[in-house]
Amino acid sequence: MKCLLTALNAKYIHSNLAVYSLQAYAAVRGYGAEIAEFTVNQRIGEILERIYRRKPDLLVFSCYIWNIDMVTELAEEFHKLCPQVPVWAGGPEVSYETEAFLRKNPAFTGVMMGEGERTFSALCAMYEALEAGTGGDPVLEQERLLAEIPGISWRRADGTVAVQPLQELLPMDELPFCYEKIEDFQNRIIYYESSRGCPFCCSYCLSSVDKALRFRSRKLVFRELQFFLDHQVSQVKFVDRTFNCRPDHALAVWNYLQEHDNGVTNFHFEVAADLLTGEEMDLFSRMRPGLIQLEIGVQSTNDRTIREIRRRMDLKKVCHAVLRVRQGKNIHQHLDLIAGLPFEDYQTFQRSFDTVYGWKPDQLQLGFLKVLKGSYMYGHADDYGIVCRSRAPYEVMATRWISYGELLEIHLVEQMLEQMYNSGQFRTALSVLEKAYGSPFQMFLDMAHFFREKGWLESSHSRIQWTEMFLEFAAAKDAGREIWYQEALVFDLYRIEKSKSRPLWAASLREYRKQMQGYLRRKGMEKSYCHLEPFWFLRIGTDGKPEFAEIPGTGKETRKTGVGQLWDTAPVWILFDYGRRDPLTNEAALTVICPENMANEKSGDCEQ
């Protein structure tokens, strides 16, 4: 019997831990299964063809909010072609309201609910027994065997749906390691779990449903982490819902990674920042830049909202932890906010955004409430006046506290946040623009409105075009400091890569060509991947960040260089070395060069 475990991932670099875990657990018990992974960006026809050509005797889909529409369509089309092949679904998107799901989707034979390893192995055993034959009526025999398997919902021959009790939860150490064939995961993210369940009760989250918090033994965890380290995989993402909910477990793992660091592998953790201890943060400060990264779900800074979503969080401790980790300049921090939560109106969300943005995380994800089946929020949606989309991902459109129009405004802020901040491409220019605004939220919203009025949001743009668009907005909103924005945008243009073109307003480097080539030749860098650029107002501060001197008064004489207007002062030169990069931001290493050193044979006294 050939069983095909099928996953539709959001991106190619993702891997589906669920299907690999089901396959590994079944293999230990003597049942073989193949895996087929696709992405939601592929055409339905292409996926259907590839599944059909695999000729499965049992087809199983892993279902989530991002793929459920494609999965149901695939199941429907496959069932037309192969009506004799049973099709099963599993995963968080189908583990609740299973009877309604099966009635709506007749192509499915049944649903595996909740934790699936034992259930899937039991299904494999049942179908192998049916294939061997018992001599009785196959339909009656199948119904008898299905009725003995916990953790499933299935459709009887008469069309009614049976719902079995859930499976007993597995001890974590019984789960086999599923990455022995590490070569199958080249250029893909590895997902790993050292625990299941969550101690918290957040009303919007399905993890809060499973209160049985279970941990894998440290001996196994260390052995498996060492496997990843030995094979120098690029990134391992822990899928533990709150990794540091048990401090001794978290500290032991982080100590192991610090002591066995291979200089290459990055480990990602979802943590509760207010639970981080001083000992853990001291350990963080000693880690190699890029060894670990942290994802922190703040969600809201509104006290009433935090209480209503049944979340336990000390905001002052969260702020303290985020700022302390940030001081180390060695750990990427990804912070999350959710729009559309109860008691969060437009104004309080703006305050939440401004507060968290002010902590300057490496990435700030602005998400929108998803009303997930099985969650507390789903059961109380009417109480909150929630209007959400009927189809996955069930995103909120309005609540008692916030209108659809206001959420559309927040969507505009999200669009600008992703393009201007999370991309990392405009951090210096944004730091200048922030001085003209009391609210970062309003800054991004004004930018979005400006771009929309210009018709710029409806099409894609090159990086140079985004730079020119940013300057046009900044000059309109903050007249008098245009030259600051020009320098900041040029600096941003070269921070990450050597741009092949320059904005029309950028100063020409023609008159400095010999000077630049001479300096690079003296340093033995004439063939290096680098760039030299003069700046008149920008300086690199003691913290390594760019800052600006005051613009001279109007009495100062100016001169023209190319098409750029420059004040008659000597520039400071900055060398962008792309051969050496910041492991967190991928930015080029910077060397500040005093003007006199650009001309002198003996240079170096003023470099930093």
Side-chain angles (χ1 to χ4, degrees), residues 198-209 211 241-245 270-278 281 294-326 333-361 363-372 375-388 395-403 406-407 409-411 413-414 417 437-445:
C198 183
F200 301 112
C201 304
C202 302
S203 62
Y204 53 83
C205 182
L206 290 180
S207 296
S208 63
V209 177
K211 306 306 298 180
R241 300 313 302 163
T242 306
F243 178 75
N244 63 326
C245 63
E270 292 187 33
V271 300
D274 52 334
L275 298 184
L276 289 172
T277 66
M281 289 188 281
L294 304 178
E295 182 172 351
I296 299 166
V298 182
Q299 319 312 12
S300 172
T301 63
N302 182 22
D303 289 340
R304 182 68 189 275
T305 296
I306 293 299
R307 289 195 304 271
E308 188 63 29
I309 63 175
R310 309 196 302 173
R311 183 176 178 82
R312 299 198 301 271
M313 182 180 72
D314 187 321
L315 188 63
K316 289 183 179 179
K317 288 184 178 180
V318 172
C319 176
H320 170 76
V322 168
L323 296 181
R324 181 170 173 185
V325 171
R326 183 180 137 208
Q333 293 189 95
H334 172 131
L335 272 55
D336 296 326
L337 285 172
I338 298 178
L341 293 171
F343 292 96
E344 186 88 275
D345 60 21
Y346 187 76
Q347 288 71 33
T348 59
F349 183 81
Q350 179 173 349
R351 288 197 291 271
S352 291
F353 181 95
D354 289 345
T355 297
V356 177
Y357 183 88
W359 299 344
K360 294 301 178 186
Q363 193 163 36
L364 174 55
Q365 180 174 318
L366 199 172
F368 294 82
L369 176 65
K370 311 295 190 296
V371 186
L372 304 178
S375 68
Y376 178 91
M377 188 73 68
Y378 179 80
H380 292 76
D382 289 343
D383 299 339
Y384 300 132
I386 290 177
V387 179
C388 68
E395 185 172 289
V396 66
M397 295 191 292
T399 72
R400 279 171 46 195
W401 299 272
I402 196 164
S403 69
E406 289 169 331
L407 282 171
E409 295 288 271
I410 296 175
H411 272 286
V413 171
E414 180 211 16
L417 180 73
Y437 277 91
S439 164
F441 180 95
Q442 192 63 49
M443 175 184 72
F444 287 116
L445 185 60

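Model, not experiment: these values are computed from the prediction.
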Ignoring hydrogens, what is the shortest heavy-atom contact between [X] and [Y]? Give both atom names and the distance.
X: Ile309; Y: Met377; result: CG2-CE, 4.2 Å
X: Tyr378; Y: Val371; result: CA-CG1, 3.6 Å
X: Cys198; Y: Thr242; result: SG-OG1, 3.6 Å
X: Pro199; Y: Arg312; result: O-NH2, 4.0 Å
X: Leu335; Y: Pro361; result: CD1-CB, 4.0 Å
X: Asp314; Y: Asp274; result: N-OD2, 3.0 Å

For a 4.5 angstrom cut-off between non-hydrogen side-chain atoms, does [X] reach [Y]?
X: Phe353; Y: Leu417; answer: yes
X: Gln350; Y: Asp354; answer: yes
X: Tyr204; Y: Leu372; answer: no
X: Ile402; Y: Val396; answer: no
X: Gln333; Y: Trp359; answer: no
X: His411; Y: Phe368; answer: yes

Distance from [X] atom [atom1] to [Y] atom [atom2], nearest 0.5 Å?
X: Leu276; Y: Ile296; atom1: CG; atom2: CD1; answer: 6.5 Å
X: Thr305; Y: Gln299; atom1: OG1; atom2: CD; answer: 11.5 Å
X: Cys202; Y: Arg311; atom1: SG; atom2: CZ; answer: 4.5 Å
X: Ile338; Y: Gln365; atom1: CD1; atom2: CD; answer: 9.0 Å
X: Cys205; Y: Lys370; atom1: SG; atom2: NZ; answer: 12.5 Å
X: Leu206; Y: Arg241; atom1: CG; atom2: CZ; answer: 9.5 Å

Using the six-membered ring wherever Trp is involved, compare the ring planes of Trp401 and Phe343 and label them parallel, tilted or perpendicular (cut-offs 30° and 60°). tilted
Output, in order, the C-alpha distance, side-chain angles, deciding distance and verdict of side-chain contact (heavy atoms from CB on, under 4.5 Å) for Arg351 and Asn302. CA-CA 8 Å; Arg351 288 197 291 271; Asn302 182 22; over 6 Å; no
Keeping Ser352 on the side-chain end and Thr301 on the backbone end, is there a donor-acceptor pair under 3.5 Å? yes
Using only atom types and a distance under 3.5 Å, with no angle test, would you say the side chain of Glu344 pairs donor to acceptor with the backbone of Phe349?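 Yes, because the side chain of Glu344 sits within donor-acceptor range (under 3.5 Å) of the backbone of Phe349.
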Taking atom CG of Asp382 as the centre, does the number of heavy atoms from other residues, nucleotides or ligands within less than 6.0 Å exceed 12?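 Count not over threshold, so no.
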Step through it carefully: locate the ring centre of Tyr346, locate the ring centre of Phe441, and say whether they are under 6.0 Å apart. yes
Evaluate the criterion side-chain contact (heavy atoms from CB on, under 4.5 Å) for residue pair Thr399 and Leu369; output intermediate values, then yes/no. CA-CA 11 Å; Thr399 72; Leu369 176 65; 5.6 Å; no
